[in-house]
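Every chain is numbered from 1 and lettered A, B, ... according to where its sequence line falls, protein lines coming before strand lines. Everything quoted here is computed from the prediction, not taken from an experiment.
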There are 2 protein chains.
Amino acid sequence: MSGKKSSLTVADVARAAKVSKATAARVLGGYGIASETARKAVLEAAETLGYQPNDLARSMSTGRSGLVGVIVGDIENAFFSQAVRGISDTLRAADLNLIISNSSERLSEEIEMVSVLLRQRVAGLIVAPTDARHLDHLKAALAAGTPVVTLDRHVPELEADAICGDDRESVGRVLRRLHEVGHRQIAYVTAMETTDGKLGKLEDIGISAVRERITGFLTHMREAGVEKPANLVFVGATGDDETSLVVTRILERSPPITAILASDSLIGARIFRELSDRGLKLPQEMSLVSWFDADWTRVTSPRICVVDQPTYRFGQEAAERLIARLKGDASPPQVFVIPTPLLERGSIGAARSD
Amino acid sequence: MSGKKSSLTVADVARAAKVSKATAARVLGGYGIASETARKAVLEAAETLGYQPNDLARSMSTGRSGLVGVIVGDIENAFFSQAVRGISDTLRAADLNLIISNSSERLSEEIEMVSVLLRQRVAGLIVAPTDARHLDHLKAALAAGTPVVTLDRHVPELEADAICGDDRESVGRVLRRLHEVGHRQIAYVTAMETTDGKLGKLEDIGISAVRERITGFLTHMREAGVEKPANLVFVGATGDDETSLVVTRILERSPPITAILASDSLIGARIFRELSDRGLKLPQEMSLVSWFDADWTRVTSPRICVVDQPTYRFGQEAAERLIARLKGDASPPQVFVIPTPLLERGSIGAARSD
DNA sequence: ACTACATATGACACCGGTCTCATATTTAAA
DNA sequence: TTTAAATATGAGACCGGTGTCATATGTAGT
């Protein structure tokens, strides 16, 4: 009850209970065997002294650590914070805790964080890798025996389980729907930064989800008979000002663009604001579809049609895979693709025919 | 470069560098002194072997842990995830990492998490305490020498620094503004659960921010000459259905309620949806003010007037306080009140005069 | 009563670092 | 040249648990 200050150890408890350190440790650590008499004495002593086990020391000698490292692009983003909640809830049930860190989608920070987490001897890692072309740090983790699960992104060259959405297909679903109601000139807007503000080679896109979506977009648009669909991919929508610029370019385009796809909910919200600031009416004058079912998409008028990425489930699945690996599952790495259905809402309308 | 599997230790490096374990440790740990010759030999050996320090062992022997425990109500909530980002960024700069956990605003889970974190021997705790009336676990942490900073909430009985908004005053600002444009019957809606669905004694409200706001609401309403303002406090808006019910009760009230205050952005969004589903026009037929400048408040029409709680800064300040404590600051605990200005937007209109 | 085997317990090495202290080597001062 | 002081280094204890192994006690079996 009363909080002693200096930490007391099994040895202290043992002394009080008049048994050896080993016996006390067996009782308190819940391993080995001890007589009922000894057990009672130890537990009572621990109780009255207010003994608190030291997990650091435990991890030290067992080698197991009870902590899982999580590296996401940005916890502030609901996409990731939901996933983290899913991870957290699932890990908790398995008596694991999570150390969280932000990469800010920067490779250097991701590398740094992996290193920090490995120093902490985390039991495993859940990472949303920033760049599929630089994997040494993650490979090193695997080589050191730390299982890795990638979240929202898949890197085939990495011997790690992956949880991700059906990115390529989801683009297909959206485009098919838009095509049905007459849209041909459709813009895809994403945050990805490029040196020249133009879409480069697909292989150079570091984030797999982004690459898959753009690939899907180009493929499906081409199939639908649109020429040079690459011109309809707008990159660099990283902040408010940049997005404003992108919207301007979209609206100036001829033949006129009649629908916009926003690759995530932050971009979606920015585009929506830009459009309504400029007085455009959704869905009559412009259709809009965003990825991720964020809060804001349900308070606009019209409500915004979204590709629903169940990120809480992403997190759950990732944590479950990791737990399985920690329990010794040594089967070959798997990719878990989670369906991301299109939620129909009022922001899709028939294409203008002007 | 190549990832060895079994972890190698300072002893291994020392052997390779042909120096003693102590010397190698001094070089690798960056403490004590070593000759330039020895330093070079050790660093080179470490490099070629691919040595990775073990922070667990380090914490073990130093007693310092490099990890800070954070307990929030719900990371999924942007209010907290922003704060966590602020904490994370600030801790990072001080070479600290963060273990995060959710209390789900339940005392039992909070107690459990504090215990888990103390077992991990975290260097400090940042907590949004769920119940100001049950503090034994936090007091125990303090007694064990683990500094605690409370986030968004203040508990005077706890010898801990607190970072919070100016809750009571913010309510005053909102009410004054509404009063100016003619509102008298103003509802305050909050998530707090009570046994009978009615507002009980103020002292029984466990979350200080909630208590402060309601106290402020009652005081200011009374000063403005409104009788029985307690009848205008609506509790139990915990989910969609519950909020729907609350809105119904608000709309049926006579004399008619002309403005609604939502205690957080989740409730605000729900209320907004309810109102627009029922076809009410903001701000002509109802004014709405929410706490927290969430994304959704800027995509509605009209945009929603909010009390801006800069939670990223809450997090920053909390982390800074904690870091100061870890550095040895032993001054008496302080409360840092962060201003939460009212952001005027279109959702406040003149009161109906029917 | 004596061997056989399960149960209980204590002594002690170990995990991988830090850190104290005593000793060895170098440099500066007298 | 001798002594004092500064600099380097190694041996080994320590942090607080886990876990091995040898010994002690208890219970059967014959």
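Taking only side-chain nitrogens and oxygens, B:Ser7 comes nearer than 4.0 Å to OP1 or OP2 of C:dG16. Between B:Thr23 and D:dG10 there is a side-chain N or O to OP1 or OP2 distance below 4.0 Å.
Note on A:Ala34: only backbone sugar-phosphate atoms sit closer than 4.0 angstrom, heavy atoms only; bases stay farther off. Across all strands, A:Arg64 comes closer than 4.0 Å only to sugar-phosphate atoms, never to a base (heavy-atom distances). The residue A:Ala11 sits apart from the nucleic acid: no heavy atom pair falls under 4.0 Å.
Taking atom NZ on A:Lys40 and atom P on C:dA8, their separation rounds to 16 Å, with Å as the unit. Note: CE (A:Met60) to C1' (C:dT18) measures 12 Å, nearest angstrom. Per the geometry, OH belonging to B:Tyr31 stands 16 Å off P belonging to D:dA8, to the nearest Å. A straight line from NZ of A:Lys18 to P of C:dT9 spans 16 Å, rounded to a whole angstrom. Straight-line distance from the CD1 atom of A:Ile33 to the P atom of D:dT25: 16 Å, rounded to whole Å. As a whole-Å value, the separation of A:Arg58 CZ from D:dG16 C1' is 11 Å. Atom C1' of nucleotide D:dC14 and atom CG of A:Leu56 are separated by 15 Å, given to the nearest angstrom. Rounded to an integer number of Å, the gap from A:Arg121 CZ to C:dG16 C1' is 9 Å.
Closest contact between the side chain of B:Ser61 and the listed nucleotides D:dC21, C:dT18, D:dG16 involves C:dT18. Closest approach to the B:Ser20 side chain among C:dG17, D:dG17, D:dA11 is made by D:dA11 (side chain taken as heavy atoms from C-beta onward). Out of D:dT9, C:dC19, C:dG17, the shortest distance to the side chain of B:Ala22 is found at C:dC19. For A:Val10, taking side-chain heavy atoms from C-beta onward, the closest of the listed nucleotides D:dG17, C:dT18, D:dT18 is D:dG17. Listed nucleotides: D:dT18, C:dG16, C:dT18. Nearest to the side chain of B:Asn54: C:dG16. In this structure, of C:dG17, D:dT9, D:dG17, it is D:dT9 that holds the atom nearest to the side chain of B:Arg26.
Projected onto DNA chain D by closest heavy-atom contact, B:Thr62 and B:Ser35 fall at different nucleotides, the more 5' of which corresponds to B:Ser35.
Remark: the B:Gln82 side chain and the B:Thr311 side chain contain an N/O donor-acceptor pair separated by less than 3.5 Å. Residues A:Thr130 and A:Glu105 bring a donor and an acceptor atom of their side chains to less than 3.5 Å of each other.
By the 4.0 Å N-to-carboxylate-O rule, A:Arg15 lies close enough to A:Asp12 to be salt-bridged with it. At a threshold of 4.0 Å, the pair B:Glu193-B:Arg106 does not count as salt-bridged, since none of the basic side-chain nitrogens sits closer than that to a carboxylate oxygen.
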Side-chain donor-acceptor pairs of residues 28-42 of chain A under 3.5 Å, sequence neighbours excluded:
unit_1, atom_1, unit_2, atom_2, d
A:Ser35, OG, A:Ala38, N, 3.2
A:Arg39, NH1, A:Ala34, O, 3.4

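Applying the side chain to side chain contact (heavy atoms under 4.5 Å, CB included) test between A:Phe80 and each of A:Ile100, A:Val70, A:Val72 identifies A:Val72 as the sole match.
Donor-acceptor pairing under 3.5 Å, judged by distance alone, is absent between the side chain of B:Lys21 and the base of D:dG12.
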